[in-house]
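Scroll down for the structure; my scribbles are underneath it.
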Amino acid sequence: MSTVHYQTSGPDLEPNRVIHTREELGAFNLLRHGDFSHHHLGDVLVTAGVISRVQLASALAEQLQHPGERLGAILSNKGWVRPIDIVSALAQLLVLPQVNLETFDIDPAVISRVPAQFARDHAVIPLLEDEDHFYLAASDPTNVELIDLLRFRVGKTVELAIATEDAIHTAISEHYDQNEEKEALAELPAEGQTHGAGPHKHNVSAKNREKDGPIIQLVQNLLSDAMTRRASDIHLRPREDRLDLLYRIDGTLTTIRSLNKRLMPRLVSHIKVLGNMNIAEHRLPQDGRYRTTQHGKTIDLRLSVIPSIRGESVVIRLLDTSFALKDLGSLGYSANDESRLHHVLSRNQGMFLVTGPTGSGKSTTLYTALTELMRTRRNIITVEDPVEYHLDGLTQIQTKAEIGYTFARALRHILRHDPDIIMVGEMRDQETAKMAVESSLTGHLVLSTLHTNSATTTLTRLLEIGVEPYLVNAALLGVLAQRLVRKNCQECKEPESVSDEVRSLLGADPREVFYKGRGCDHCHHTGVKGRAAVYELLTVSAALRALIQPGVSAQALEEQAILDGMIPLTRHALMLARKGVIPLSEVYAVRLD
């Protein structure tokens, strides 16, 4: 059983006061000895009145299904708590110092006492130490096993402070990355020596693999850090005198830091090895794939290396192969639209399409629908390129264009495999579109995606690529057009400055107040925290079917769809802006004319 003691001298500070400096932390005098063995994060939050017992039970049930997920992250994702709420509740109830890591002057000498990977895995960071005590910040001080492990590692009494997980991982990146970069630079060969060459990873010598140890660790830490920050892409961009590291977080490309450009050849070579690429080829673009495990999750990496005038540029896309969303309600649809969507998906034949540009969340929506349809005990088969999420309980097929195994060819074979529901990753050509439509008329529910701007232009697009109007009439059940917009950080949002021209274009009153994130430590100074879907849902009514004829205008179709209950995407985005969820600038960016 771990007991964490605070027996420092000096004036007492209020338990929930935020600590900014080493001196303030040293002056913190705990009112009692902290025995945390009987505390659980969920119980602490219930006692503090942050969540209810019902909410805790729901979150714990979800955690049992996804063991790698932290309880705090589940509660935050559901919108029941903010990270700062968790930290403040724990600080108040457990009488712990709450540390502002953005301003706290961490002692550089203590960083090496806790390995970087350990710090990332357990969301802790050392702060300072004296002769008998070792101070560090943790996001979950109720983790008794962690306290025991740290006390054994450092050989001193562990003194805990508390900070948000995001703030801890930001501090880890700032303080550990410099050490990792120095270690990697120290292992570089002398000037004039070359790195082992060869077309594949088995040609890299054991000696070079040993020398690449710090490089391998650096790449692994970049992946771990990107996952922690919820990044969808990692960019390594060569510049004249440096190598820039950028993450795409919530759709925004954010510069994380710059690396020494001398590391670039080794970094790129190791990434090529991971993707089974030719490490000796520097003139042509190359693509590869790799699978790794980070934070208990299996992650698929799509690797792209492209030569530029300043060196090889690398982009790594991270895809979480596990799928956490379990119901359509979690995607943020209104009660009316969720009901309409369930009505469409309850049909045993017909076609439902999700449209929008690349990166608009089409796959997420389709997979969420599939997770609900799986409960109906029907045979579900998907054909995709690539298979982004892996789900048990359905048959997933990967197309291979290089051997002629296309969407259309796969569809022919799927129909002989007794499916009830078919999901086609994308209708890319006339042949695939016609086969999908015909499949939906022969007793199958077909789900697919299409690259169109709006719900009504999807109908005209189907006619343009050669699908007969009577087929569209008979097959189409509904179309969901969507975009992803960036949500304001609720910790730092402030009134947004909006021009009269933009207000007029979007139909906003000059007196209306909108909000935009300023940027703070909680959002990595981006002003953005998460993304939300804005959409328009068209369901095909009898009146709309009568309009689906060659030469029909998208405007005529839209007018009828609105009469049938469709809320246009721009109006839906404006509703979110009026609630302060997103800035008006996001509405302007995704508006449909």
Side-chain angles (χ1 to χ4, degrees), residues 340-341 343-356 362 365-366 369-370 373 378-385 397 399 406-482 536-566:
R340 294 168 68 207
L341 203 48
H343 178 69
V344 169
L345 295 174
S346 68
R347 305 287 287 273
N348 58 16
Q349 71 175 47
M351 184 166 66
F352 175 68
L353 299 177
V354 181
T355 74
K362 298 188 298 295
T365 298
L366 282 181
L370 288 178
L373 291 170
R378 288 186 279 179
N379 184 22
I380 303 174
I381 303 178
T382 76
V383 52
E384 307 164 70
D385 182 26
I397 297 171
T399 62
T406 61
F407 280 105
R409 186 173 178 182
L411 266 175
R412 291 192 192 98
H413 292 279
I414 285 174
L415 293 174
R416 303 185 193 122
H417 214 69
D418 189 30
D420 297 302
I421 300 168
I422 301 169
M423 196 271 271
V424 181
E426 183 183 343
M427 295 200 299
R428 297 178 178 175
D429 51 50
Q430 181 186 37
E431 184 182 12
T432 304
K434 282 189 172 183
M435 286 202 64
V437 170
E438 290 169 1
S439 300
S440 69
L441 294 174
T442 55
H444 308 95
L445 178 63
V446 177
L447 313 181
S448 189
T449 69
L450 201 62
H451 286 288
T452 57
N453 287 328
S454 67
T456 51
T457 56
T458 302
L459 278 67
T460 57
R461 176 61 179 155
L462 289 171
L463 299 176
E464 287 168 1
I465 64 176
V467 181
E468 297 295 336
Y470 75 91
L471 290 176
V472 178
N473 245 315
L476 195 62
L477 300 173
V479 180
L480 179 72
Q482 67 180 50
E536 56 185 27
L537 176 61
L538 176 154
T539 52
V540 183
S541 65
L544 193 65
R545 291 188 195 280
L547 293 176
I548 302 176
Q549 300 294 335
V552 65
S553 69
Q555 183 177 353
L557 293 170
E558 181 170 11
E559 289 172 358
Q560 182 59 51
I562 292 173
L563 289 174
D564 293 337
M566 182 183 84

Where the side chain of S448 meets the backbone of V424, is there a donor-acceptor pair that is under 3.5 Å apart? yes
Between Q482 and T365, do the side chains contain a donor N or O and an acceptor N or O under 3.5 Å apart? yes
T449 (side chain) donor-acceptor with G425 (main chain) under 3.5 angstrom: yes
Tell me whether H451 contacts the main-chain N or O of T355 through its side chain, where contact means a donor paired with an acceptor under 3.5 Å. no
Do E536 side-chain atoms and A455 backbone N/O form a donor-acceptor pair below 3.5 Å? yes
With a 4.5 Å cut-off on side-chain heavy atoms, are F407 and D429 touching? no
In terms of heavy-atom contacts, T457 and A554 come closest through CG2-CB, 3.9 Å
Does Q430 use its side chain to pair, donor to acceptor, with the backbone of I465 at less than 3.5 Å? yes
Counting only heavy atoms not in H417, do more than 12 fall under 6.0 Å of its NE2? no
Straight-line distance of K434 NZ to L411 CG, nearest 0.5 Å: 14.5 Å
Distance in Å, L459 CG paired with L538 CG, rounded so as to fall on 0.5 Å steps: 6.0 Å
Taking atom CZ of R347 as the centre, does the number of heavy atoms from other residues, nucleotides or ligands within less than 6.0 Å exceed 12? no
To the nearest 0.5 Å, atom CG of L476 lies from atom CD1 of I548 at 6.5 Å
Does the side chain of H343 pick up a donor-acceptor pair with the side chain of R340 at under 3.5 Å? no
Considering all heavy atoms of both residues, which atom of F352 and which atom of V344 are nearest to each other, and what is their separation? CD1-CG1, 3.8 Å
Got a donor-acceptor contact below 3.5 angstrom from the D420 side chain to the N379 backbone? yes
Are V383 and T399 side-chain neighbours, meaning at least one heavy-atom pair lies under 4.5 Å? yes
Pairwise distance CG(L547) to CD(E558) - rounded to 0.5 angstrom: 13.0 Å
With a 4.5 Å limit on heavy-atom distance, are the side chains of L445 and L373 in contact? yes
Looking only at non-hydrogen atoms, find the nearest pair between A561 and L544 and report the distance. N-CD1, 4.4 Å
Can you tell me which residue among V437, L477, I422 is in a side chain to side chain contact (heavy atoms under 4.5 Å, CB included) with M351? V437
Test V472 against V540 for side-chain contact (heavy atoms from CB on, under 4.5 Å), laying out the working first. CA-CA 10 Å; V472 178; V540 183; over 6 Å; no
Please find the pair of heavy atoms, one from D564 and one from S541, that lie closest to each other, and give the distance. OD2-OG, 2.6 Å
Just wondering, do P550 and L463 contact through their side chains at under 4.5 Å, heavy atoms? no
Taking all non-hydrogen atoms of both residues, which atom of H444 and which atom of P419 are closest, and how far apart? CD2-O, 3.0 Å
To the nearest 0.5 Å, atom CZ of R428 lies from atom CG of D385 at 5.0 Å
To the nearest 0.5 Å, what is the distance between CD1 on I397 and CD on E384? 9.5 Å
Between L462 and M427, is any pair of side-chain heavy atoms under 4.5 Å apart? yes
For A408 and T432, the nearest pair of non-hydrogen atoms, with its separation, is N-OG1, 3.8 Å
